[in-house]
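Counting convention: from 1, in listed order, for ligands and their atoms alike.
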Amino acid sequence: MEKMWAGRFLKALDKTADGFNSSIHFDKRLYRHDITGSLAHAAMLHEVGILTAQELSLITEGLGKILDELEEGTLTFDEDAEDIHMFVEAELTKRIGDAGKKLHTARSRNDQVALDLRLYMRDEASEVCGLLRSLIESLLYVAEANRETIMPGYTHLQRAQPITFAHHLMAYCMMFTRDITRIEDAVRRMNYSPLGSSALAGTTHPIDRDAVAEALGFDGVSMNSIDGVSDRDYCVELEAAFSLIMTHLSRLSEEIILWSSWEFKFVELDDAYTTGSSIMPQKKNPDMAELVRGKCGRVYGDLMATLTVLKGIPLAYNKDMQEDKEAIFDATDTVKKCLEVFIPMIRTMTPIKENMYAACKRGFINATDLADYLTRRGMPFRTAYKTVGTLVARCVGEGKTLDEISLAEYKELSPLFEEDLYDEISLENCVRKRVSKGGTGFASLDGQIEYVRGFLK
Ligand code: ARG
């Protein structure tokens, strides 16, 4: 196929160079947004008197048919076309002749690709937000069924204080709600139309950028034509937001992997989300969680790739910028796939409450509560802390737990200890008494669930 820019050249592009330069094999996924942008551009060109009504209707019909045929699969992408923009324009011109050649008036591929990618990523961003909402729903479903499931909370992966399984899962709900707001923030900043920036300097034609922006659902137009074609901040921002989603998924993956090990056995993953081994008949592996943890690296890589592409290029458009797409497509696809597998995996996992409870019995996770008990009776916290520390050391030596020590022994260390201490350090009470806002107490949990439910509305 002859290049659209062939006029200036005396010979054809070298075949290897042509393949290297071409982006259609990955930017073809922009076809719908490219056509949407062209339809709005053409309508505006007619409004300002550049296209006749007849030319507009030829273009509109032609583009509509191309779109339908691409969706149906009756038209296939010409892999020899340089990119999706050239492909659509060439196909249109092939069908409708000269009117097709007028479509690119007052436009450059530089502002066209900037527009297409914004339109595409706006849709993708909203899909990712939808998936995050579903994931939060899954977490809420499990949390609500485990309001009173007591498990050890950890710091340094050492048993620390008792919490509920629901409280633990709600922590992830908070992360994923923030992820949604981060994407929404990025979308708010990127929702300005670059179309009409043209190659870099604007255009001599009497275009109406605002009309196109409005038709395409933007909040306005980019205010500087050079920035309009050069800005890829939104790619970086979205990749950063996706990276954080992956960070959160990866931390949850790590916990799920630990929890489903025999060492913990706090949860049993549904068979549908685990795999076996080719040699060890007993194995049931949490591959989905491991893959999500692993794929985190890809998304971080995509973010780094985009930042690195951008850091050295002078204004305005440079071909380096074509590299933005594979990175952001990969980041988007990856985060969506990870969320898609996580949503049902979380919903179908079975918490093994007895094991969680049993794990709370060892590790002195009620030691803080015992110190708090003394503190409430007037002992300064530091002294109480030391008293309980001494008790724990004694228990470790004797192989006992705190509730196996007799009251007489307790009283040797402090007369403040009374019979009620045993009740105070029961696991249920340790949880119930953490009434501070955001704590693991049952009332706080209700507040958290209500907050997240309100957020989802
Ligand atoms: N395929 C190109 C890209 O993705 C489109 C813009 C090309 N512009 C140009 N002046 N060569 O960046």
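By the ring-ring contact (aromatic ring centres under 6.0 Å, His included) test, F20 is found to be paired with no residue, residues two or more places apart in sequence or in another chain being considered. With sequence neighbours left out, H104 forms a ring-ring contact (aromatic ring centres under 6.0 Å, His included) with no residue at all.
For ligand 1, the atoms closer than 4.0 angstrom to any heavy atom of Q322 are 1 (N), 2 (C), 3 (C), 4 (O), 12 (O). Close approach to K325 involves these atoms of ligand 1, each under 4.0 Å from a residue heavy atom: 3 (C), 4 (O), 12 (O).
Using a 4.0 Å cut-off between charged side-chain N and carboxylate O, E268 and K284 make a salt bridge.
Considering backbone and side-chain N/O atoms, N110 comes within less than 3.5 Å of an N/O atom of ligand 1. Distances between N or O atoms of S23 and those of ligand 1 include at least one value under 3.5 Å.
Looking only at protein heavy atoms, the nearest one to atom 11 (N) of ligand 1 is R109 NH2, 3.5 Å. At the shortest separation from atom 7 (C) of ligand 1 among protein heavy atoms lies Y317 OH, 3.5 Å. Counting protein heavy atoms only, atom 5 (C) of ligand 1 is closest to D83 OD2, 3.5 Å.
Each of D111, L103, L216, L115 was compared with H41 under the side-chain contact (heavy atoms from CB on, under 4.5 Å) criterion, and only L103 meets it.
With hydrogens and angles ignored, the 3.5 Å screen pairs no side-chain donor or acceptor of D287 with any backbone N or O of T274.
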Can you check ring pair (Phe, Tyr, Trp, His ring centres under 6.0 Å) on F77 and F87, steps first, answer last?
-> CA-CA 7 Å; F77 296 99; F87 168 74; 5.5 Å; yes
